[in-house]
Amino acid sequence: MIEVIDKEIKKFLSSIDNINKENLDAILQKFSITISDNLNKGHLTTNVCMIAASILKANPNELAINLKNKLQGIGAFEDVQAAGPGFINITLYRKDFTSTIKTINEEKESYGKSNLGKGQKIQIEFVSANPTGPLHVGHGRGAAYGDAIGRILQATGSFVEKEYYVNDAGRQIDILTASVILKLAKKDINNYFPENAYKGKYIEEIGTKINKTIKLKYDVKSLTKSIPKDPEEEIDQVIANLKSLDNESWVLVKDFSLKEIVESIKNDLNIFNVDFDNWFNESSLGDINQESSEISSSINKLKADGQAYEKDGAIWLNTDISGDDKHRVLIRDNGRTTYFASDVAYHKNKIERGFDKLINVWGADHHGYIKRIEASLEALGSNRNKLIVKLVQFANLFKDGEKVKMSTRSGEFFTLKDLIEDIGADAARFYYLSKQADQHLDFDLDLAKSDSKENIFYYIQYAHARIVSLEEKFVANYPSAGKDVKSIESNSYNECDKLIHEISRYPDVVKKSASSLQPHLIIYYLRDLSQLLHSYYNDNHVLSESEENMKAIVQCLSSVRQVISNGLNLLGISPMNKM
RNA sequence: GCGCCUGUAGCUCAGCUGGAUAGAGCAACUGCCUUCUAAGCAGUGGGUCAGGAGUUCGAAUCUCUUCAGGCGCGCCA
């Protein structure tokens with residue numbers, strides 16, 4: 001029906017006196033036909049007259065009355081009204097209005113999918129936490145968000161590849177390795193342990209696992225020889241000493257620890273129902289000392305193109321183009337590359353893989369980093385508009401009304417795994433996604449477990465479970481009853497109208513969620529739909545209706561259930577059939 | 001100092017590519033379980049959308065500004 005209206009509107013607009021192509025295109029781009037926000041405004045609404053009025057400097061109400069007459073004239077609608085400041089409200093014939101039920105029961109899990117993305121190739125890089133310890137609750141939010149937008153973009157017609165960038169090279173990994181060795185050798189070295197080493201329990205656990213396969217021979221004297229006071233310098237010196245004292249063990253422990261931690265991260269993500277198509281190792285970019293490595297070739301290219309230059313013994317990238325406050329170092333004066341240099345090479349690699357769009361999901365503390373990456377994309381001959389950086393703000397956890405402390409210093413923190421064990425993966429995902437990603441989130445653990453209406457997660461699940469149970473009872477009582485929506489279609493039963501109206505909005509919600517990269521829109525939609533379901537359920541006793549009505553109602557409620565299920569699936573949450 | 005995010009009912013938040021009377025839940029007060037799951041429903045009260053100025057036929061929504069809070073600003077990663 002929307003197509004019919006769309007066609008009529010275009011006809012109407014081109015018939016307006018003195019309209020030129022430019023204005024026409026502007027109107028066509030801006031106006032919308034939407035499901036009305038309330039049934040008393042009819043089924044469909046368009047704002048086209050107000051858009052046209054502002055562009056053409058005309059009177060919106062006059063346009064509305066003219067368009068209203070045109071639409072009424074074609075006889076395809078039960079009623080057309082011009083209302084308010086210039087809206088057109090359209091009431092469909094009942095058969096058209098109720099056709100959504102049939103559509104959903106036919107399309108099932110495909111209902112809501114679209115071709116909005118037109119088959120573009122999108123890469124989403126998210127989580128990418130350093131493999132130096134378990135994922136914590138901050139990472140969980142990025143994981144839930146990246147995975148959800150992946151599902152939503154996929155459902156709206158894009159090809160999505162989800163990737164985790166593993167920082168398996170560099171100083172952090174050296175510190176990890178040193179931490180494991182020091183814990184392992186603690187008896188021989190009088191429990192010497194630098195302040196800046198990693199202290200978590202998992203460090204000792206890794207040590208215990210590797211203990212059987214390795215013999216370490218360190219003594220405190222040679223290890224702590226010429227150790228500086230400064231904590232940063234201290235850890236670096238310890239690393240250097242460990243490497244020179246026993247490089248064989250160093251490499252062994254390093255490889256083992258890295259493998260252990262990456263495995264544990266994969267496990268955590270797995271129980272969180274987040275899966276990646278690709279794990280990209282920073283180490284695969286190679287080393288600056290290797291002539292042909294990706295990191296060397298990307299820096300060489302930047303130099304050759306005059307984008308990178310030498311100053312004060314370091315190699316810098318000119319980042320002026322993106323408005324960054326200063327140029328950034330790629331290679332330090334000591335010859336080592338920066339983290340940024342790896343990232344430049346990594347993004348060059350991404351570009352070469354031919355994505356139409358790159359989405360990076362980063363912790364909000366990285367926002368100062370955006371401009372330099374944008375600049376590097378331009379410097380590499382790509383376009384910075386290809387990159388969309390979505391920042392995810394930190395989540396504060398609250399338990400028993402108190403903020404849960406998350407200090408990584410002491411090595412004690414609330415991990416993602418702890419959270420999942422506490423409230424379950426689905427509830428955790430739900431609450432992570434319940435607010436826009438770039439805003440601070442207060443995550444109330446007690447609420448997530450509570451059994452009140454305030455807990456929207458269960459409120460929505462409850463709606464789903466109620467329908468499932470009703471369907472089962474209906475099938476048990478009337479095993480031979482077929483599918484039939486006649487009594488709803490013919491208006492002999494109209495108690496479900498609000499539900500029908502709401503489920504017909506769903507495809508628009510998914511599209512809006514995809515184009516704005518905001519999964520939380522789906523959550524609020526599902527809450528509203530569930531509210532209508534609970535209200536209907538309370539006021540109407542389905543199983544005491546006539547068989548004719550029951551058949552139609554069950555069809556209608558099945559489509560509501562389908563929509564709830566589809567919506568939850570886009571968020572990576574499994575619907576519950578029983579509670 | 002610069003950058004990003006935020007300020008909507010007592011509390012937690014929706015609504016923000018401008019549109020029809022600003023919405024939920026909680027808390028307070030009233031009702032509804034001998035019938036399909038009360039983890040539910042119905043109702044009442046509660047708002048200068050932080051303050052100010054501007055753009056517009058129309059601003060919670062856009063611009064500027066003030067105030068308040070959070071975070072970030074390395075040749076760290």
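Note that the structure is predicted; figures quoted are calculated from it, not measured. Sequence lines set the chain letters: A, B, ... in the order given, protein chains first and strands last, and positions in each chain run from 1.
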Return all side-chain donor-acceptor pairs below 3.5 angstrom for residues 326-333 of chain A, not counting sequence neighbours, or 'none' if the list is empty.
from     : atom 1 : to       : atom 2 : distance (Å)
A:His327 : ND1    : A:Tyr309 : OH     : 2.5
A:His327 : NE2    : A:Asn318 : OD1    : 3.3
A:His327 : NE2    : A:Asp320 : OD1    : 2.9
A:His327 : NE2    : A:Asp320 : OD2    : 3.4
A:Arg328 : NE     : A:Asp324 : OD2    : 2.9
A:Arg328 : NE     : A:Lys326 : O      : 3.4
A:Arg328 : NH2    : A:Asp324 : OD1    : 3.1
A:Arg332 : NH1    : A:Thr337 : O      : 3.2

- Query: Sub-3.5 Å donor-acceptor pair from the side chain of A:Asn334 to the main-chain atoms of A:Arg336, do we have one?
  - Reply: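 Yes.
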- Query: Excluding sequence neighbours, so at least two apart, what forms ring-ring contact (aromatic ring centres under 6.0 Å, His included) with A:Tyr525?
  - Reply: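 Only A:Tyr506 meet the ring-ring contact (aromatic ring centres under 6.0 Å, His included) criterion with A:Tyr525.
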- Listed nucleotide nearest any side-chain atom of A:Phe87, set B:U17, B:G40, B:G19: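 Side chain of A:Phe87 sits closest to B:G19.
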- Note on the structure: Side-chain contact check for A:Tyr458: nearest option of B:G40, B:A39, B:C5 is B:A39
- Task: Determine, for nucleotides 25-34 of chain B in 5'-to-3' order, which nucleotides have protein heavy atoms under 4.0 Å from the base (write B), from only the sugar-phosphate (write S), or from neither (write -).
- Result: SS--------
- Message: I need a per-nucleotide contact map over nucleotides 69-77 of chain B, read 5' to 3'. Cutoff is protein heavy atoms under 4.0 Å; write B for the base, S for backbone only, - otherwise.
- Response: -B-S--BSB
So, using salt bridge (charged side-chain N to carboxylate O under 4.0 Å, His left out) as the criterion, who are the partners of [X] when residues are at least two apart?
X        : value
A:Asp37  : A:Lys41
A:Asp426 : none
A:Lys483 : none
A:Lys68  : none

- Message: Distance check, C1' atoms only: B:A28 and B:G72, in whole angstrom units.
- Response: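 Their C1' atoms lie roughly 42 Å apart.
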- Message: Tell me whether A:Lys371 is salt-bridged to A:Asp325, with the criterion being a basic N under 4.0 Å from an acidic carboxylate O.
- Response: no
- Message: In terms of relative ring orientation, are A:Tyr369 and A:His366 parallel, tilted or perpendicular, with 30° and 60° separating the classes?
- Response: perpendicular
- With RNA chain B as reference, determine whether A:Leu470 or A:Ala83 sits nearer its 5' end, using the nearest nucleotide of each. A:Ala83
- Message: Test: salt bridge (charged side-chain N to carboxylate O under 4.0 Å, His left out). Region: residues 456-479 of chain A. Which pairs qualify, not counting sequence neighbours?
- Response: A:Glu471-A:Arg561
- Message: Give the residues of residues 540-557 of chain A touching RNA chain B, defined as any heavy atom closer than 4.0 Å, sorted by residue number.
- Response: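 Here the set is A:Asn540, A:His541, A:Val542, A:Leu543.
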Show me the protein contacts with nucleotides 56-58 of chain B, counting only N or O atoms at under 3.5 Å.
none

- Contacts of type side-chain hydrogen bond (donor to acceptor under 3.5 Å, both in side chains), residue A:Arg384, not counting sequence neighbours: A:Glu378
